[in-house]
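Structure record follows, encoded as structure tokens.
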Amino acid sequence: MTMAEATESAPAARASRVWTRDVAVRATVVVLVLAAALVLAYLRADKPVIVTQAVVTGILTGGVYGLVAMGLTLIFGVLDVVNFAHGAFLALALFITYGVVQTTGVHPYLALLIAVPVMFGLGWIAQYAVLNRAMGRPLENQLLITLGFSLLIENGLLLFLGGNPHSVHFPGNRGLPVLGAVADLSRVLAFVAALVLAGVLYLILRRTRIGTAIRAVAANRQGASLIGVDVRKIYALTFALGTACAGAAGTLVAPFTTIQPTAGQTFNILAFVVVVLGGMGNVLGALAGGLLIGLTEQLGGIYLPGQSPLLLVFIVFVLVLFLRPQGLFGRSS
Amino acid sequence: MTITSTEKPGRTGPRLGGGIGGRTSLGNLVVLAVIVVVLIPLPLVLPAAQQAVAVRILIFALMGVGWNLMSGFGGMFSFGHAAYFGIGAYTGAWLLVEHGVSPWIGMLAGGALAALFGVVIGYLSFRYRLKGAYFALATFAFAEMLHLIATSSGFVNRAVGYNVPLIQGSSFGKLQFALGSPNYFYVGLGLVAVAIAVNVLYLRSRAGRFTIAVRDDQTAAAALGVHAMRYQLITIALSAAITAVAGVFYVQYYLFINPDLAFGSDVSIQAILPAVIGGVGTIWGPAIGALILGPLSDVTASLLRNPPAFLSTLQGRGGLDVILYAILLIVLVLALPRGVYGAIRGRFRR
């Protein structure tokens with residue numbers, strides 16, 4: 001360790017300790033609020049098993065939301081692009097999965113081998129060929145372009161494949177008993193896969209040269225380009241990684257989602273909520289936020305009967321936007 | 001006008017280019033009057049099918065003019081104008097269907113309600129310093145919340161919405177005319193003309209000039225003593241009211257409204273597109289964009305009804321019109337970031 005590093009690292013370490021403590025405090029608050037919400041839900045509900053079921057479903061779908069949001073948060077954090085096409089990419093992966101299963105009859109999860117690379121490639125092309133030309137312009141430009149992508153994909157699916165809903169059969173799917181509630185095997189597997197993919201993505205970002213380059217561009221694109229990072233390629237790679245996440249999520253949710261051109265919209269909205277909740281660019285925050293939003297959505301059905309469970313999600317979203325736009329676990333800037 | 005000259009050099013976003021001075025705004029009003037007079041004989045020569053396209057263009061234009069005031073001139077990018085459109089549409093429909101109140105009063109009430117809603121949201125957003133992407137996401141969230149509330153609220157018939165009851169004959173008071181009557185066109189034209197005139201006069205006023213100053217450089221404007229939030233809220237209120245009037249007119253023309261048609265995110269997109277295609281932050285941009293979008297949607301619709309042989313598989317399928325919008329949107333944002341009108345004007349100025 002050189003002298004300069006030694007003198008600099010002391011305050012940095014202290015700041016880091018303060019930040020860790022802050023996050024711990026906030027995480028505790030979040031857990032307490034959640035616990036109170038659960039107790040209240042149990043008191044409100046006629047049968048406790050309804051709440052247990054909501055919690056199980058909420059955690060399982062929350063993991064998937066986290067996976068969708070991870071791709072989005074990466075794009076948001078590194079490129080500063082509000083990607084409105086994320087859900088449309090997910091819908092495309094749904095249809096790829098459906099097509100693969102229909103034509104070959106293999107297990108739906110094998111479609112990952114096609115959906116993920118295809119979405120990676122499409123994401124690369126979308127960023128490298130189109131979005132890169134609008135980088136550095138006002139943010140509306142990129143927002144409108146991704147909006148164009150989403151309209152293009154959704155309506156392309158509608159035009160060529162029709163609007164009829166489809167479903168994918170998951171062989172050997174069954175309900176697993178959890179504390180009196182039932183968890184679908186396909187949902188459990190999707191949840192586990194989401195956790196694994198989150199770990200892989202985290203390791204890519206933290207432990208590989210490419211990941212270091214991505215983080216460098218996110219932190220300071222000019223500085224990164226000065227030390228020889230090809231910023232445009234990193235942009236394309238980041239966007240491609242993001243859409244690959246959407247692709248993986250699409251295949252994983254295919255067994256328990258109605259497959260239609262607009263299927264991605266809800267995921268897109270929820271993913272935005274999760275990204276803001278977790279702090280933009282924060283991959284692990286996205287996973288935590290996904291779990292929170294999954295639970296919020298399910299509890300919303302108990303708290304606001306007759307209303308869409310999404311209403312509670314939006315209320316949480318707006319509150320977080322106003323009170324902590326940097327996210328529950330983000331550093332204040 | 002020292003304040004509007006605080007534009008940062010090299011800013012590539014929407015800009016005014018000094019189009020709003022004393023004389024030019026008078027010029028804009030003269031041009032507007034001439035256009036209106038020229039358009040008056042139009043419905044008498046247009047076949048019935050084209051009249052529907054013309055009215056759709058006017059609705060597009062009205063929404064675009066409303067969105068443009070807040071997002072183009074005000075610099076507050078809204079992704080949730082469906083909220084204002086829907087508030088207008090539902091207020092007008094509710095007053096008419098449940099209480100027999102004239103849609104003209106519905107326009108006033110809907111406009112006022114939408115303005116109030118916009119001011120509340122705007123106040124909260126600025127109070128908590130939401131900017132850029134976060135502001136756009138907040139507007140989007142509020143529109144979606146209204147969408148969900150309308151869908152599940154028995155007070156406004158849940159997902160069913162409202163059918164405007166048909167009356168015998170024509171009535172200006174009820175804003176209902178026989179199918180193919182030119183009156184719909186005239187009412188729409190009048191509303192668009194008033195909305196554009198309001199834009200011109202507002203931007204000429206003190207409040208309007210302060211709004212643009214705040215958009216161009218909030219720090220500099222604040223340093224000169226401009227109360228940024230006050231003028232931003234006035235701009236939002238006007239923008240919301242114009243968009244709400246478009247909602248009331250929409251219901252009167254199509255005689256039907258439901259949560260998706262009023263508050264769906266497609267509606268917000270429909271408010272954005274005319275301005276982006278025509279030219280964000282210009283007086284004439286939204287109208288020109290609507291003039292491009294309206295016929296385009298008609299052409300694609302008839303193309304799908306009677307497709308040529310090589311497209312015969314697409315018969316009866318939806319989506320082609322939106323695909324063309326999407327391609328147009330992407331190409332325009334990349335190639336003509338200032339829109340069709342903005343680019344043409346830029347060329348002539350040079």
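Proteins get letters first, then strands, A, B, ... in listed order; numbering begins at 1 in each.
- Checking B:His81 against B:Ser239 by side-chain atom types alone, a donor-acceptor pair falls below 3.5 Å.
- Geometric assessment of A:Arg232 against the ring of A:Tyr128 yields a positive cation-pi assignment under the 6.0 Å and 45° thresholds.
- Per-residue heavy-atom pair counts under 4.5 Å with chain B were compared for A:Ile269, A:Leu151, A:Leu321, and the maximum is reached by A:Leu321.
- Remark: of the listed residues A:Thr243, A:Asn132, A:Asn83, A:Asn132 is the sole one forming a side chain to side chain donor-acceptor pair (under 3.5 Å) with A:Gln127.
- Only the side chain of B:Ile272 has a heavy atom closer than 4.5 Å to any heavy atom of chain A.
- Taking 4.5 Å as the heavy-atom cut-off, the residues of residues 72-82 of chain A that approach chain B are A:Phe76, A:Val82, ordered by number.
- In terms of non-hydrogen atom pairs under 4.5 Å with chain B, the most contact-rich of A:Val130, A:Leu310, A:Leu147 is A:Leu147.
- At least one side-chain heavy atom of B:Leu296 sits less than 4.5 Å from a side-chain heavy atom of B:Leu328.
- In this structure the side chain of B:Thr235 never reaches within 4.5 angstrom of the side chain of B:Val214, judged on heavy atoms.
- Contact annotation for A:Phe322: both backbone and side-chain heavy atoms come within less than 4.5 Å of a heavy atom of chain B.
- Residue A:Val273 is tested with A:Thr296, A:Val313, A:Asn268 for a side chain to side chain contact (heavy atoms under 4.5 Å, CB included); the sole match is A:Val313.
- When heavy atoms are compared at a cutoff of 4.5 Å, B:Ile269 approaches chain A solely by way of its side chain, counted from C-beta outward.
- Residues B:Tyr134 and B:Arg129 have side chains that never bring a donor and an acceptor to within less than 3.5 angstrom of each other.
- B:Asn157 places no side-chain N or O within donor-acceptor distance of the main-chain N or O of B:Val160, the cut-off being under 3.5 Å.
- Ring planes of A:Tyr98 and A:Phe95: perpendicular class, angle over 60° (limits at 30 and 60°).
- Aromatic rings from A:Phe84 and A:Phe272 are positioned such that their centres are separated by under 6.0 Å.
- Interface residue B:Leu124: backbone and side-chain heavy atoms are both found under 4.5 Å from chain A.
- Looking at B:Tyr325, neither its backbone nor its side chain comes within 4.5 Å of chain A, counting heavy atoms on both sides.
- For B:Ser265, no part sits under 4.5 Å from any heavy atom of chain A, backbone or side chain.
- Using the six-membered ring where Trp is involved, B:Phe140 and B:Phe79 have ring planes that are tilted, between 30° and 60° apart.
- Only the side chain of B:Val276 has a heavy atom closer than 4.5 Å to any heavy atom of chain A.
- With a 4.5 angstrom heavy-atom cutoff, B:Leu329 touches chain A only via side-chain atoms.
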